[in-house]
Amino acid sequence: MILGPTAGASLLSLASIRAAWAQASSANAPTNLFDIQPVAEDAYFAFARPQAVANCNATIFVNWADVLVVDAHSKPSAASALIAQIRKQITPKPVRYLVDTHFHWDHAQGNAGYREAFGQDLKIISSAATRKLEATLLAPRLQASLDPHGLPFSSQPHIPVLLDDARKQLSAAHSAQQRAALAERVRQLESFAREMRNFHPELPTVTFDKSYVIRDRAHDLHIEFHGRAHTAGDVVVYCPQKHVVATGDMVIGTLPFLGDSYPKEWPITIDSVAKLDFNRVCGGHGNVGHGKQRMMDQRNYIEELAERVENGKTAGLSLADIQKSIPVSSIKAFSDDDYGRLVSSGRDLSSMQQAVDTNIEHIYTRLGQN
Ligand SMILES: [Zn+2]
Ligand SMILES: [Zn+2]
């Protein structure tokens with residue numbers, strides 16, 4: 001007699017088969033996508049190495065019997081890769097909680113990788129607003145980014161165009177080193193497109209409005225919504241005993257992205273987060289922040305830019321005129337040496353101005369959004 005899964009196998013054994021399979025597949029997952037470093041006892045920062053299609057950083061809290069991970073990257077296989085690294089470099093304990101700090105593709109498209117590895121025991125946690133945004137925006141935005149004729153949202157890579165470009169550069173490459181780098185870029189773009197072709201979002205299973213607290217024997221973890229900022233639903237994960245806060249893209253180690261933001265509310269939200277007691281800030285991009293200075297510098301940058309764009313708009317200036325009226329050299333927030341150096345690192349003046357112009361454009365369109 002042959003038993004089909006519905007006839008013979010219990011849910012438990014199905015779950016264990018699935019877990020064993022996931023363990024086997026994660027054993028083969030690449031272990032070079034992230035650089036993991038401790039930030040406090042039982043708290044780790046996973047820095048996402050640059051890839052053709054970006055992944056976000058993750059923050060990892062090791063609880064008494066399980067693990068909480070903050071943010072899930074741009075694809076399930078990147079999540080599997082981090083799971084393999086966690087097992088190898090940190091702990092064999094299972095991931096029981098995954099937090100989506102916000103709905104963006106590079107933080108939530110990897111959710112399914114955690115579900116696959118940990119089955120129904122895994123809770124995926126977000127604000128109610130984030131779950132709603134994931135349900136409505138993740139799939140269509142991804143589709144536009146994979147469609148050769150699509151018009152992707154400004155934070156998303158347009159994969160067919162990038163692929164075309166990389167293939168052209170590859171055929172014109174002069175050195176073996178250039179060829180190898182471009183061939184790797186083509187490989188990464190193709191593999192992303194292949195993996196994500198049939199993507200269905202794996203949505204959060206636990207949502208809340210203001211706060212969700214996990215009281216563990218190792219420490220407490222507070223998942224908190226302090227107000228709208230980078231998106232309508234950003235949450236931070238705060239561990240009071242370890243003095244660590246994971247901020248998603250609300251506070252990052254590069255220039256902020258404002259395309260889905262609430263520019264006038266964002267600084268107020270940061271002020272509220274800054275009242276917590278922490279000394280390590282683990283953001284969704286860039287490296288770890290020490291203390292609160294960088295967070296306040298970013299807050300001041302957003303406040304300054306939002307005010308100047310709003311004044312220009314009120315005076316009836318066009319977007320182009322407002323952009324012209326705000327050269328990089330006039331931005332006070334950049335005169336703090338550390339912040340100026342941080343956000344301009346790897347950029348020359350013209351690409352820096354371009355990046356600020358994009359911030360200005362986003363503020364211009366987002367001001368007054370409900
Ligand atoms: Zn984001
Ligand atoms: Zn991001």
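Everything quoted here is computed from the prediction, not taken from an experiment.
Using a 4.0 Å cut-off between charged side-chain N and carboxylate O, Arg96 and Asp121 make no salt bridge. The pair Arg131-Glu134 fails the salt-bridge criterion, with no side-chain N (NZ, NE, NH1 or NH2) lying under 4.0 Å from an Asp/Glu carboxylate O. Asp220 has no carboxylate O lying under 4.0 Å from a charged side-chain N of Lys242, or vice versa, which leaves the two without a salt bridge.
When each of Arg197, Arg185, Arg167 is paired with Glu190, the salt bridge (Lys or Arg N to Asp or Glu O under 4.0 Å) condition holds for Arg167 and for no other. Asp71 pairs with exactly one of Thr101, Thr59, Leu82 by the side-chain contact (heavy atoms from CB on, under 4.5 Å) rule, that one being Thr101. When each of His102, His73, His230 is checked for a ring pair (Phe, Tyr, Trp, His ring centres under 6.0 Å) with His107, only His102 meets the rule.
When all heavy atoms are compared, the tightest approach of Phe61 to Cys239 is CE2-CB, 3.7 Å. In this structure, Ile83 and Gly113 approach most closely via the heavy-atom pair CD1-O, 3.8 Å. Looking at every heavy atom in both residues, Pro204 comes nearest to Ile125 through CB-C, 4.4 Å. The minimum heavy-atom distance between Ala166 and Val186, with the atom names listed, is CB-CG2, 3.8 Å. Across every non-hydrogen atom of Asn300 and Ala333, the tightest pair is C-CB, 4.2 Å. Across all non-hydrogen atoms, the minimal contact from Ile322 to Gly312 is CD1-C, 3.8 Å.
Checking side-chain atoms of Gln353 against main-chain N and O of Val328 turns up a donor-acceptor pair under 3.5 Å. A donor-acceptor contact shorter than 3.5 Å links the side chain of Asn359 to the backbone of Pro256. Side-chain N or O atoms of Asp348 include one that pairs as donor or acceptor with a backbone N or O of Ser351 at under 3.5 Å. Remark: side-chain polar atoms of Asp321 are not paired, donor with acceptor, to backbone N or O of Leu317 under 3.5 angstrom. One N or O on the side chain of Arg49 and one on the backbone of Asn32 form a donor-acceptor pair closer than 3.5 Å. In this structure a side-chain-to-backbone donor-acceptor pair under 3.5 Å is present from Gln298 to Met250. At distances below 3.5 Å, at least one donor-acceptor pair connects side-chain atoms of Gln85 with backbone N or O atoms of Phe34. In this structure a side-chain-to-backbone donor-acceptor pair under 3.5 Å is missing from Ser261 to Phe257. A donor-acceptor pair under 3.5 Å links the side-chain atoms of Asn111 to the main chain of Glu202, judged by distance alone. In terms of modelled atom types and a separation under 3.5 Å, the side chain of Lys123 and the main chain of Val206 share no donor-acceptor contact.
For Lys132, the NZ atom counts as loosely surrounded, since its 6.0 Å shell holds 12 or fewer non-hydrogen atoms of other residues, nucleotides or ligands. For CD of Gln37, the number of neighbouring non-hydrogen atoms (other residues, nucleotides, ligands) closer than 6.0 Å is greater than 12.
Side-chain polar atoms of Ser74 and Gln109 form no donor-acceptor pair below 3.5 angstrom. Gln293 and Asp297 share a donor-acceptor pair across their side chains, judged by distance under 3.5 Å alone.
In this structure, the ring of Tyr212 has its center no less than 6.0 angstrom from the ring center of His222. For an aromatic pair to be called close, the ring centres must be under 6.0 Å apart, and Tyr238 with His219 fails this. Taking the six-membered ring for Trp, Tyr301 and Phe334 have ring centres closer than 6.0 Å.
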Problem set entry | Pair Gln169-Asp165, side-chain hydrogen bond (donor to acceptor under 3.5 Å, both in side chains): steps then yes or no | CA-CA 6 Å; Gln169 286 184 48; Asp165 196 47; 3.2 Å; yes

For this session: Report the C-alpha separation of Asp66 and Val95 in whole Å, then their side-chain angles, then the decisive distance to 0.1 Å, and conclude whether the side chain to side chain contact (heavy atoms under 4.5 Å, CB included) test is met.
Result: CA-CA 6 Å; Asp66 48 43; Val95 177; over 6 Å; no

For this session: Determine, stepwise, if the pair Glu303 / Lys264 fulfils salt bridge (Lys or Arg N to Asp or Glu O under 4.0 Å).
Result: CA-CA 7 Å; Glu303 183 179 64; Lys264 301 288 283 184; over 6 Å; no

Exercise. When you look at Thr130 and Ser127, which way does the side-chain hydrogen bond (donor to acceptor under 3.5 Å, both in side chains) test go after all the steps?
Worked result: CA-CA 5 Å; Thr130 287; Ser127 65; 3.1 Å; yes

Exercise. Between Arg308 and Ser330, is a side-chain hydrogen bond (donor to acceptor under 3.5 Å, both in side chains) present by the stated rule, with each step listed?
Worked result: CA-CA 11 Å; Arg308 291 175 73 175; Ser330 74; 2.9 Å; yes

Problem set entry | Criterion side-chain hydrogen bond (donor to acceptor under 3.5 Å, both in side chains) on Thr231 and Asp234, from CA distance to verdict | CA-CA 6 Å; Thr231 69; Asp234 308 89; 3.2 Å; yes

For this session: Could you please spell out the steps behind the salt bridge (Lys or Arg N to Asp or Glu O under 4.0 Å) verdict for Asp271 and Arg299?
Result: CA-CA 8 Å; Asp271 283 338; Arg299 175 217 176 278; 2.7 Å; yes

For this session: May I have the step-by-step check of side chain to side chain contact (heavy atoms under 4.5 Å, CB included) for Phe47 and Ile36, ending in yes or no?
Result: CA-CA 6 Å; Phe47 173 83; Ile36 296 181; over 6 Å; no

For this session: Check the pair Arg280 / Val245 against side chain to side chain contact (heavy atoms under 4.5 Å, CB included), numbers first and verdict last.
Result: CA-CA 6 Å; Arg280 291 291 180 275; Val245 66; over 6 Å; no

For this session: Quick one: do Asp216 and Leu221 satisfy side chain to side chain contact (heavy atoms under 4.5 Å, CB included)? Show the steps, please.
Result: CA-CA 8 Å; Asp216 189 80; Leu221 295 171; 6.0 Å; no

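Between the OG atom of Ser350 and the CG atom of Asp357 there is a distance of 10.5 Å, given to the nearest 0.5 Å.
Taking the ring centre of Tyr339 as origin, the terminal cationic atom of Arg294 falls outside the region bounded by 6.0 Å and 45° from the ring axis. Relative to the ring axis of Phe192, Lys75 does not place its NZ or CZ within 45° and under 6.0 Å from the centre.
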